[in-house]
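FYI, side chains are in, hydrogens and waters are out, and symmetry mates aren't considered; it's all heavy atoms of this structure. In this text, all values refer to a predicted model and were calculated from it rather than measured experimentally. Letters go in sequence order (proteins before strands), and every chain restarts at 1.
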Amino acid sequence: MNQQPSAPAADAPADPSAPDAAVVTVADLAADLPFERYDVPEDEARAERLYRLRHSAAHVMAEAVVELFPTAQVATGPAIEHGFYYDFDLPRTLTPDDLTTIERRMKKIIKRNFRFQRAEVSVAQARKLFTDANQTYKLEVIDSIVDKHAPETLSLFRQSKFVDLCAGPHVSGTKTCRYFKLERVSGAYWRGDSDRPMLQRIYGTAWESKEDLDAYLHFKEEAKKRNHKRIGTELDLFHFNKLAPGACFWTPRGYTVYQEFLSYWRESHKERGYQEIYNPMLYKKDLYETSGHYQHYKKDMFILEADHTEYCLKPMNCPDTFLFYTSKRRSFRELPLRVSEGGVLHRNELTGALNGLFRVRQFTQDDAHIFVTEAQVQDEIAELLDISREVYALFGIDYRFALSTRPEKFMGEPELWDEAEAALQSALDANVGSGNYKLNPGDGAFYGPKIDIELTDCLGRKWQCGTIQLDFQQPINFDMKYVDTDNTAKRPIVIHRAIFGSFERFLGILLEHTAGALPTWLAPVQAVVVPISDKINDYAWQVHAWLKQAGVRVEVDERNQKMGYKIREAEMNKVPYMLVVGAQEAEAGTANLRTYRDGKRGEISVEQIAGEISLAIQDRTFDVTIEPLRSFEDADSVVEGDAQEY
RNA sequence: GCCUAUGUAGCUCAGCAGGUAGAGCACUUCCUUGGUAAGGAAGAGGUCACCGGUUCAAGUCCGGUCAUAGGCUCCA
């Protein structure tokens, strides 16, 4: 084989000690501009201070990158939750080694504590500056600022040898940014537009103290341990296979959990007057033309052909539930008509968007549609708020309601919107209390206002799962009617609602929230009997039979191992109840109880243990201790669900 | 779909100057018959994601495909 002489590669990192003389940086060109001392106000709130710090860290990082790549084009670099990022257009892609190099250079800059300085220049001056420096992204930023605000001047910030178009604010000196860490490189479209160039984005985190930084890094580690995909493997609940990307394979244990979940859902909704129907999964495209999904949602649907006709795998339950409604004449006496259809849904999510149970291509929503008269809206909403509360209390998860109102683009009559919004609002005021819910003006669906439910898990992350939406549009599309008391046909309103969002996603959240230690009623194995030696196996099976009779999912670990080993195994499998039995217990008809939550409990009669477990199952007690990790999430960042739009 | 990284036993990972695979756990068998998070020994288990190329020789280098992760975009 030919040994290539080790010539420097064309794309090797630039040597900063010998910068290309031809490259003129913004800082060089801005040397004569009127930069002034920049003072930071005292007594600022922590959030503001962090914002300054992180935004400044982004500038420091940009300086380090420009040092390394003098021809780099810099795009934008804001402060974000936990840190900052900056986007660059670079001559080559960055490697993990580059990140280390950049970090080292940043530390040098930080150590010298360069002051941030500010200059105000005319728009023309700014344009010339960035044109001469060949910074095209900045020019585009200037253009959009001018379009939007038509300012007379623009501000520049400088620290050391880096000058950036920037409104600020910043810290006074670079040393304030010293508790930082670069986290990762990724691609990001310029202006978030997938038709524009892909830039390289470097993410970093920055804090006010070493303790904060360490705590944050620790938090990230803990969060990683709780990843539901990891727990799913550890507890043998589900797996994924490349032959069905984005679809979950539930194992016997996992499917047990899933079924328990479904049973609860069925039971609780049946009690509240819901009727369950079961519809087809495959429809001619005409259905979705009627609903409008074919026009607007086609790229997310799986479409196949048979009999020279296009068929669609249903991506949501609404349209086919409407076929149920219109399948016969409806009377006002039937309303409110509460119909649930937990069908299997398919959505052709982009491969890059798939994420464990959080974002799948096949899933089931705890979906239901309620057909109501206008007068019934408010009571029905109150009822839904009540169910939501019941459900979330069961899982020990914090939640908050949010009202989203008419967006700029909407369908239907504004008067109807106003009425509907008023109905939602008064239901919220009456049942949740005014001020106890969030307002998202203009965030409603185009077909109606909605109430979203945001969950907060023990990692402080927010999730949008449940949603209650009013829909005036589909009743028209499907020409839904009911015969009213005066014998005339009237148009019902549809309420779309989901509490969990999707079972898959909610289970994923629950697994992370509980770190896999599910409440007894959901646990795949609720109790394990641990005989101390195989001489006790007969009694162990006797205990097994007693518990089984009490409706407990119980196993016997009769492997030829020491009990310490079996206990360890049961602990790692997060089995709520462990019943240790030896000669003594066999004699007395007892078991030595150990629980996942409370540890060793001592010798108790099997009857009593069986009673305790079966009560926990029956009541669906949330018998789990959640130790909340210190939260690093900001108040208003919500991870959006896949169940929010219909 | 786009960017970057990753893909070796059921799991977690090592091996990478190219010379035809290794650990721990899990599993099987045997010994041990034990009091609340790992007793001992032996054994079995892998087309190194897949396809193609370079080479006498590829887990290792190159190209492509698929999947996964983190982002971006999307989530009427």
Side-chain angles (χ1 to χ4, degrees), chain A residues 1-4 80 85 87 90 93-96 98-99 183-203 220 224 227 229-230 232-236 239-246 251 288 291-301 315-316 347-356 358-361 407 409 411 445-447 464 473 530-537 559-573 578-585 591-596 599-603 639-646:
Chain A
M1 178 185 159
N2 277 347
Q3 286 294 339
Q4 292 288 339
I80 52 169
Y85 69 77
D87 288 345
L90 300 174
T93 54
L94 294 168
T95 64
D98 290 325
L99 225 55
E183 295 185 294
R184 58 183 174 269
V185 189
S186 70
Y189 297 112
W190 169 235
R191 303 243 131 157
D193 183 342
S194 55
D195 294 329
R196 307 294 306 265
M198 167 103 20
L199 306 172
Q200 296 189 67
R201 174 173 296 179
I202 306 177
Y203 283 95
K220 294 293 270 190
K224 221 190 218 170
N227 184 297
K229 284 159 268 179
R230 182 181 175 145
T233 303
E234 282 170 1
L235 300 188
D236 191 19
H239 67 273
F240 290 91
N241 190 296
K242 68 187 321 191
L243 294 175
T251 63
Y288 299 104
S291 69
H293 289 102
Y294 191 81
Q295 295 84 326
H296 299 288
Y297 202 71
K298 189 178 174 188
K299 66 176 178 21
D300 289 296
M301 301 204 292
M316 66 278 298
R347 295 186 185 178
N348 192 5
E349 302 286 352
L350 293 177
T351 52
L354 300 176
N355 178 10
F358 289 163
R359 192 76 175 270
V360 281
R361 281 181 167 163
K409 278 189 180 170
M411 292 185 126
F446 76 92
Y447 46 72
Q464 191 201 299
Q473 194 54 39
V530 176
I532 247 160
S533 85
D534 53 16
K535 290 176 190 156
I536 317 294
N537 282 0
R559 287 177 303 173
N560 182 9
Q561 284 290 351
K562 291 198 169 180
M563 58 162 299
Y565 179 92
K566 298 179 190 177
I567 296 279
R568 178 169 189 269
E569 184 112 325
E571 284 282 340
M572 290 196 307
N573 283 325
M578 290 158 267
L579 289 80
V580 177
V581 293
Q584 191 184 321
E585 288 81 7
N592 216 301
L593 181 64
R594 179 188 171 109
T595 66
Y596 184 81
K600 201 172 167 179
R601 292 250 308 262
E603 199 177 329
V639 185
E640 300 217 327
D642 46 16
Q644 58 183 321
E645 298 287 339
Y646 291 84

Task: Nearest-nucleotide 5' precedence on RNA chain B, A/K535 against A/L94 - done: A/L94
TODO: Could you pull out all residues at least two apart from A/E603 that satisfy salt bridge (charged side-chain N to carboxylate O under 4.0 Å, His left out)?
DONE: none
Distance, rounded to the nearest Å, where [X] contributes [atom1] and [N] contributes [atom2]:
X: A/L579; N: B/rU36; atom1: CG; atom2: P; result: 16 Å
X: A/R196; N: B/rC3; atom1: CZ; atom2: C1'; result: 17 Å
X: A/H293; N: B/rC75; atom1: NE2; atom2: C1'; result: 12 Å
X: A/I202; N: B/rC3; atom1: CD1; atom2: C1'; result: 13 Å
X: A/I532; N: B/rG34; atom1: CD1; atom2: C1'; result: 7 Å
X: A/R347; N: B/rC75; atom1: CZ; atom2: P; result: 12 Å
X: A/E183; N: B/rA5; atom1: CD; atom2: P; result: 18 Å
X: A/M563; N: B/rA37; atom1: CE; atom2: P; result: 8 Å

Counting the atoms with a prime plus P, OP1 and OP2 as sugar-phosphate, which does [X] contact under 4.0 Å by heavy atoms, base, sugar-phosphate, or nothing?
X: A/A583; answer: base
X: A/S533; answer: base
X: A/G292; answer: base
X: A/R559; answer: sugar-phosphate
X: A/T595; answer: nothing
X: A/K299; answer: sugar-phosphate
X: A/E585; answer: base

Could you give the distance separating [M] and [N] at their [atom1] atoms, to the nearest angstrom?
N: B/rU54; M: B/rC2; atom1: C1'; answer: 30 Å
N: B/rA5; M: B/rC75; atom1: P; answer: 28 Å
N: B/rA42; M: B/rG52; atom1: P; answer: 41 Å
N: B/rG15; M: B/rU20; atom1: C1'; answer: 14 Å
N: B/rC72; M: B/rU65; atom1: P; answer: 24 Å
N: B/rA49; M: B/rG7; atom1: P; answer: 8 Å
N: B/rC3; M: B/rG18; atom1: P; answer: 29 Å
N: B/rU12; M: B/rG70; atom1: P; answer: 15 Å

Task: Short side-chain to backbone donor-acceptor contact, A/Q200 and A/L94, under 3.5 Å - done: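 Yes, the answer is positive, given that a donor and an acceptor are paired below the 3.5 Å cut-off.
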Open item on the list: I'd like to know if the side chain of A/R201 and the backbone of A/S186 have a donor-acceptor N/O pair within less than 3.5 Å.
Closed with: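 Answer holds: no.
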TODO: Measure from the side-chain heavy atoms of A/D534 and tell me the nearest of B/rU73, B/rU36, B/rG34.
DONE: B/rG34
Min side-chain heavy-atom separation [X]-[Y] under 4.5 Å:
X: A/R191; Y: A/D87; answer: no
X: A/T595; Y: A/R601; answer: yes
X: A/N348; Y: A/K299; answer: no
X: A/R347; Y: A/Y297; answer: yes
X: A/M578; Y: A/K566; answer: no
X: A/V360; Y: A/L354; answer: no
X: A/H293; Y: A/M316; answer: yes

- [ ] Let me have a per-nucleotide readout for nucleotides 39-48 of chain B, 5' to 3', with B, S or -, counting only protein heavy atoms under 4.0 Å.
- [x] B---------
- [ ] Give the B/S/- string for nucleotides 66-72 of chain B, one per nucleotide from 5' to 3', where a protein heavy atom under 4.0 Å of the base yields B, of only the sugar-phosphate yields S, and otherwise -.
- [x] BSSSBBB
So how far is it from [X] [atom1] to [Y] [atom2], rounded to the nearest 0.5 Å?
X: A/N227; Y: A/N355; atom1: CG; atom2: CG; result: 7.5 Å
X: A/R568; Y: A/E571; atom1: CZ; atom2: CD; result: 10.5 Å
X: A/I532; Y: A/E585; atom1: CD1; atom2: CD; result: 6.0 Å
X: A/E183; Y: A/I202; atom1: CD; atom2: CD1; result: 12.0 Å

TODO: State whether A/Y189 and A/R196 meet the cation-pi test: NZ (Lys) or CZ (Arg) under 6.0 Å from the six-membered ring centroid, and within 45° of the perpendicular axis.
DONE: no
Task: Contiguous pairing runs of three or more, Watson-Crick or G-U under 3.5 Å, that involve RNA chain B - done: B:1-7 with B:66-72, B:10-13 with B:22-25, B:27-31 with B:39-43, B:49-53 with B:61-65
Task: Partner set under side chain to side chain donor-acceptor pair (under 3.5 Å) for A/K600, not counting sequence neighbours - done: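 A/K600 satisfies side chain to side chain donor-acceptor pair (under 3.5 Å) with no residue once adjacent residues are dropped.
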N/O to N/O distances under 3.5 Å, protein versus nucleotides 10-14 of chain B:
none

